[in-house]
Protein chains: 2
Amino acid sequence: MSATIREVAAAAGVSTATVSRALRGLPYVDEVTRKRVVETAQRLDYVASPSASRLASGRTGTIAVLTPYVARWFFATVISGVAMALTEGPLDLLLVEVGNPDRPSTVPLEQRLRSRADGAVVVALPDTYPEISQLIEHDFPLTLVGSLSDRVSSVAINDAETGRLATQHLINLGHREIGLISGATSDESFTAQDDRTNGYHDALTRSGIPAHPALTAYGAFTREGGERAMVELLSREVQPTAVFCLSDEMAFGAMIAMRRHGLTPGIDIALVGVDGHPQSELANLTTVAQPVAEMGRLAAVALQDRLNNAEKYEPRQTAMSVELVVRSSSAPPKGN
Amino acid sequence: MSATIREVAAAAGVSTATVSRALRGLPYVDEVTRKRVVETAQRLDYVASPSASRLASGRTGTIAVLTPYVARWFFATVISGVAMALTEGPLDLLLVEVGNPDRPSTVPLEQRLRSRADGAVVVALPDTYPEISQLIEHDFPLTLVGSLSDRVSSVAINDAETGRLATQHLINLGHREIGLISGATSDESFTAQDDRTNGYHDALTRSGIPAHPALTAYGAFTREGGERAMVELLSREVQPTAVFCLSDEMAFGAMIAMRRHGLTPGIDIALVGVDGHPQSELANLTTVAQPVAEMGRLAAVALQDRLNNAEKYEPRQTAMSVELVVRSSSAPPKGN
DNA sequence: AACAATCTAGTAAGCGTTTGCATGAGGGAG
DNA sequence: CTCCCTCATGCAAACGCTTACTAGATTGTT
């Protein structure tokens, strides 16, 4: 099919070594020679075989994105951010599903990555997640997005602050019975959950509002989960006048549940979510928005940085700032 | 780092050739020997180097997903379907953005793929799209999802039928002034658009309803596009009592525009979308749902099929059936 | 003018597999 | 007992690059 480096070398009247150097822009190649080589390569439609150069150089020219899901908004958006950062370079993007409870993988992650990628961007998994932790110990270049780490570079929002912000907003509106809709009871594979919850409690405490356990309900971090959790909440003795949902998608589910019960968000119960999901506008959902795509992009940039600097590299935490977007799903409690 | 095949061979007391055969399950290896080799490999934590085997075998063990966008729901969902099909095998998934008007790529697609992937699943691009067409001509194994083709295998819904179905639904409700919200005026890189539009016209014709050009508005195939188009529509002389939006996301945009004008979907103007977007439930949007993830999965399976059968392979078109999901965004016109 | 430093380019040894070919060992058929 | 065929394995040549290392040619220094 494609021409080989030897043919280019022959056609250009140089050695393969020179072709290799010329085409990769390495020094010690006369500009005249380089030009001739480049032209010859172009004429022969030559492109270096990735497999061959990978084998010879030991570098794969690939970065992996490790993510539990690919279709959910947050994850898909991070991935697109990473893709954005890579379009400018020559790096390939390998997509790997990791940590999806519904689809456990048989092959150890490290094997799936070894000699397949030079590094990886990890989405929403903490550095304590077993397979991730293992990679870090083996010094596999990693960057996290969605959770912070002091072992590798990471970019995320301040989740505790986010929880505080959302809750404080509800408190400011005059709410006292503020519920919480969270993911699984305690999911170690997604720390944002605990942090946001802490922020919630923190805000309550600061305002001297006792946290009522009956105001917290757990579901999955999905629309369905939020729906179930809200149904649960509505069946309890104590009723919240406002609910903080740990993600917009869960808030959407909560909205569906409310509607089924004849309740209106912002009138019967105030709702706040987290994410800045594109649909939050149509749903009139108040949300704490985070710059998701940008976070993915930054993580990819940080990873490339790490790959280029090799030695003198320091893990860096990047905290993105969030923005409370107020919409009609959050309003003062009925009485007021 | 990892052990090499030579070390395994030495440790197991066989040649590298035997190790290679044994580990890949090839015939002509004694079961006893195979077992010994497998155990040795496991003990040494050996995994064949992808670069090396790719170079030697000429196969990359990778399939690419060619998509204009990665974060938009439809695309992300197709990708996850492909990923689903691949988790069972040893294939890698290479993500490549192609045909995104906002991010033109400098490197010719063929070069980006050559010796990088054994085949590709193309999302929502027709076989007439220049770069895709070129790949087909070069016999690069391809499978399309979202548009049909007789040159390569493809899986898609019947878009004309979809347009007809949606429009007929509105007609059945008693509407006569049925508007259309479409993407760009004529986007050759997304045939579904034209087909759905044809279905729309077809349904009108069959019912003897004259198609009024002033009832059609163009935007992008996005929420913002739908919003703009609806604003446009509302500013026209002739007003529709119902509007068929070529995608759910555009319908969401239309809803936002309507709300801003104090109009309610299903009451002032009926709305129907296409996709079965997860948010359509919350938005109460009537939609023609398509099994997107499944389509991605099938396309991946078809591609693997093609890769395994090499020779005797016939392009196959798979038409998925759609389902009209009626919600409150579509109701009879006011008068009735 | 002699010598060191810097460029430029070539030689060839890998990189770690896969695979065509050769070889030898069994085993059933004649 | 041969002869052939099948099975099991080894040998060694690719696969198409990258990259020490080497060496000659320039250029600069003193």
Side-chain angles (χ1 to χ4, degrees), chain A residues 1-38 40-41 44-62 90 92 111 113-118 307 310, chain B residues 1-38 40-41 44-62 90 92 111 113-118 307 310:
Chain A
M1 29 190 76
S2 175
T4 139
I5 197 174
R6 243 189 297 271
E7 306 179 75
V8 176
V14 296
S15 69
T16 63
T18 299
V19 173
S20 180
R21 291 186 199 110
L23 258 24
R24 287 182 301 151
L26 295 187
Y28 303 128
V29 175
D30 191 279
E31 275 316 314
V32 176
T33 309
R34 187 191 306 276
K35 198 173 167 194
R36 179 157 38 97
V37 170
V38 168
T40 309
L44 299 187
D45 191 29
Y46 168 78
V47 183
S49 148
S51 328
S53 54
R54 283 168 191 185
L55 177 58
S57 72
R59 278 169 255 109
T60 66
T62 300
D92 282 349
Q111 290 191 5
L113 248 45
R114 188 159 50 184
S115 357
R116 234 168 256 276
D118 297 332
L307 292 178
Chain B
M1 29 189 75
S2 175
T4 140
I5 198 175
R6 245 188 296 272
E7 306 178 74
V8 176
V14 295
S15 71
T16 62
T18 299
V19 173
S20 179
R21 292 185 196 113
L23 259 24
R24 287 182 302 151
L26 295 187
Y28 301 126
V29 175
D30 192 282
E31 274 316 313
V32 178
T33 309
R34 188 192 304 278
K35 199 174 167 192
R36 180 157 37 93
V37 170
V38 169
T40 309
L44 298 186
D45 190 29
Y46 168 78
V47 183
S49 148
S51 328
S53 54
R54 282 167 192 185
L55 176 58
S57 73
R59 279 170 253 109
T60 66
T62 300
D92 283 348
Q111 290 190 5
L113 249 43
R114 188 159 50 184
S115 2
R116 235 168 256 274
D118 296 332
L307 293 179

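Residue numbers begin at 1 in each chain, while the letters A, B, ... track the order of the sequences.
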Exercise. Has the side chain of B:Thr60 got a donor or acceptor atom that lies under 3.5 Å from a matching backbone atom of B:Asp118?
Worked result: yes

For this session: Give the C-alpha distance, both sets of side-chain angles, the deciding distance and a yes or no for side-chain contact (heavy atoms from CB on, under 4.5 Å) between A:Arg59 and A:Leu307.
Result: CA-CA 10 Å; A:Arg59 278 169 255 109; A:Leu307 292 178; over 6 Å; no

For this session: Please answer whether the main-chain N or O of A:Ser53 pairs with a side-chain N or O of A:Ser57 as donor and acceptor at a distance below 3.5 Å.
Result: yes

For this session: Kindly indicate whether the side chain of A:Asp45, heavy atoms from C-beta on, has any atom under 4.5 Å from the side chain of B:Gln111.
Result: yes

For this session: Using a cut-off of strictly less than 4.0 Å, decide whether B:Arg54 has a side-chain nitrogen or oxygen near OP1 or OP2 of D:dC15.
Result: no

Seminar exercise, completed: Exactly one of B:Arg36, B:Arg34, B:Lys35 clears side-chain contact (heavy atoms from CB on, under 4.5 Å) with B:Val38, and that residue is B:Arg34

Exercise. Could you run down nucleotides 9-16 of chain C 5' to 3' and tag each one B, S or - for protein heavy-atom contact under 4.0 Å?
Worked result: BBB--BBB

For this session: Please report, rounded to the nearest Å, how far the C1' atom of D:dT9 is from the CG atom of B:Leu26.
Result: 13 Å

